[in-house]
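Computed over heavy atoms, backbone and side chain alike; hydrogens, waters and symmetry mates excluded. Numbers restart at 1 for each chain; the letters A, B, ... are given by sequence-line order, proteins then strands.
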Protein chains: 2
Amino acid sequence: MNIGSAAKASGVSAKMIRHYEGIGLLPQAGRSDAGYRQYGEKDLRTLQFIRRSRDLGFSLGEIQGLLGLWQDRARPSREVKALAKRHLEFLDRKLEELQSMKNALSHLVSCCHGDERPDCPILENLSGENGSAGLAGHGGR
Amino acid sequence: MNIGSAAKASGVSAKMIRHYEGIGLLPQAGRSDAGYRQYGEKDLRTLQFIRRSRDLGFSLGEIQGLLGLWQDRARPSREVKALAKRHLEFLDRKLEELQSMKNALSHLVSCCHGDERPDCPILENLSGENGSAGLAGHGGR
DNA sequence: CTTGACCTTCCCACCATGGGAAGCTCCATC
DNA sequence: GATGGAGCTTCCCATGGTGGGAAGGTCAAG
């Protein structure tokens, strides 16, 4: 199986398969006489493993760890769980970060009338003015 | 005011200030006789504007747009709001993406006993097996 | 034998940021 | 006046994950 078919079958682009091999995430692929990389069932399973891990947001470094644990039949599930938990905490931090951006921005957006007039609470906020953009007088946020 | 003080006062690193100037986000800064960049109140306000925009997750490209609107006193707030709304949608997509990663992963983590035994629903899921990891062991994908 | 799809390697781009080297400037202290 | 250290300059490199594309070799179908 050539790299193109492996890419289609795994959902990992050919470009990325080469890259993963280059950085040592994948072992050197076997080669045909002409130098084409050759992939088999086992490689396919590894590629899919990587793709699923990426879908969960794991970094390539973490995936290297996961692959190691995966291939070690005697690994304690404790280690896998620890790795996953760490990533979960990372996701939580990212979520909080994005959520607070969203909260702040959606407040500003809701305060901006968005018509032809130039005055705009969004720009006022970004420029550091404490305009009457919703923080004045009555209903906070 | 030298770049270091401007950095401290604005919360944008000196490194980034130079970079922003390099990519045209900031105008060329004035220079002292010795070639040191010089910053004034107005520059400081621009730098803070950029930092606040970054804090809301705007890309440098979007910030270029925001700066243009900010400096155009006749801009219609409509345009600012549109730009902000687009970014808000971007944030929403990111949030959904992260949230679904988190949901999937936290389910897996909760299914993994995390002890010394090697069997692990997390790895089973990543490797494409539909183990008994909460999906009741008969379905197949 | 040609054509077109596929493969190879290699370099460059994005985005935002940081690290560090080599060399110059400024200011305080001796 | 000399010296030392902090701060400035430019320039190059790295990160992380992905893509684009050029130049050239290979394979299969017509």
>> Closer than 4.0 angstrom, basic N to acidic O: yes or no for B:R37 and B:E21?
In response: yes
> Over how many whole Å does the gap from A:R51 atom CZ to D:dG17 atom P extend?
Replying inline: 17 Å
>> Checking A:D55 against B:M101 for the side chain to side chain contact (heavy atoms under 4.5 Å, CB included) test, could you report, in this order, the C-alpha distance in whole Å, the side-chain angles of both residues, the deciding distance, and whether it holds?
In response: CA-CA 7 Å; A:D55 289 348; B:M101 285 179 186; over 6 Å; no
> Does any N or O in the side chain of A:S10 come within less than 3.5 Å of the main-chain N or O of A:Q48, such that one atom is a donor and the other an acceptor?
Replying inline: no
> Whole Å only: how far is the CD atom of B:Q38 from the C1' atom of C:dC26?
Replying inline: 12 Å
>> Could you tell me how far apart A:F90 (CZ) and D:dG16 (P) are, to the nearest whole angstrom?
In response: 12 Å
> Starting at CD1 of A:I3 and ending at P of D:dG25, how long is that distance when rounded to a whole Å?
Replying inline: 20 Å
Any protein N or O atoms within reach of nucleotides 9-12 of chain C? Criterion: under 3.5 Å, listing atom names and distances.
{"residue": "C:dT9", "atom": "OP1", "partner": "A:R31", "partner atom": "NH1", "Å": "3.4"}
{"residue": "C:dT9", "atom": "OP1", "partner": "A:R31", "partner atom": "NH2", "Å": "3.0"}
{"residue": "C:dT9", "atom": "OP2", "partner": "A:R37", "partner atom": "NH1", "Å": "2.9"}
{"residue": "C:dT9", "atom": "OP2", "partner": "A:R37", "partner atom": "NH2", "Å": "2.8"}

> Would A:L83 and B:I122 satisfy side chain to side chain contact (heavy atoms under 4.5 Å, CB included), going step by step from the backbone distance to the final call?
Replying inline: CA-CA 10 Å; A:L83 206 165; B:I122 302 172; over 6 Å; no
> Please walk me through it: do B:I50 and B:Y20 pass side chain to side chain contact (heavy atoms under 4.5 Å, CB included)?
Replying inline: CA-CA 10 Å; B:I50 293 177; B:Y20 294 162; 3.7 Å; yes
> Taking a hydrophobic cluster as the set of Ile, Leu, Val, Met, Phe, Trp and Tyr residues connected by side-chain heavy atoms closer than 4.5 Å, whether directly or through intermediates, do A:Y36 and A:I3 fall within one such cluster?
Replying inline: no
Protein-nucleic acid N or O pairs under 3.5 Å, nucleotides 26-30 of chain D:
{"residue": "D:dT26", "atom": "O4'", "partner": "A:Y36", "partner atom": "OH", "Å": "3.1"}
{"residue": "D:dT26", "atom": "O2", "partner": "A:Y36", "partner atom": "OH", "Å": "3.4"}

> Okay, side chain of B:E62, backbone of B:S59: is any donor-acceptor separation there less than 3.5 Å?
Replying inline: yes
> NA contact type, A:Y20, heavy-atom cut-off 4.0 Å: base, sugar-phosphate, or nothing?
Replying inline: sugar-phosphate
> Just how far, in rounded Å, is C1' of D:dG17 from CG of A:L25?
Replying inline: 12 Å
>> Nearest whole Å is fine: how far is D:dT18 P from A:I50 CD1?
In response: 10 Å
>> Minimum heavy-atom separation for A:L105 and B:A84, please, with both atom names.
In response: CD2-O, 3.7 Å
> Please give, in whole Å, the distance from C:dG4 C1' to A:N2 CG?
Replying inline: 16 Å
> Is A:K94 salt-bridged to A:E97, going by a charged N under 4.0 Å from an acidic O?
Replying inline: yes
> Just how far, in rounded Å, is C1' of C:dA16 from CD of B:E62?
Replying inline: 14 Å
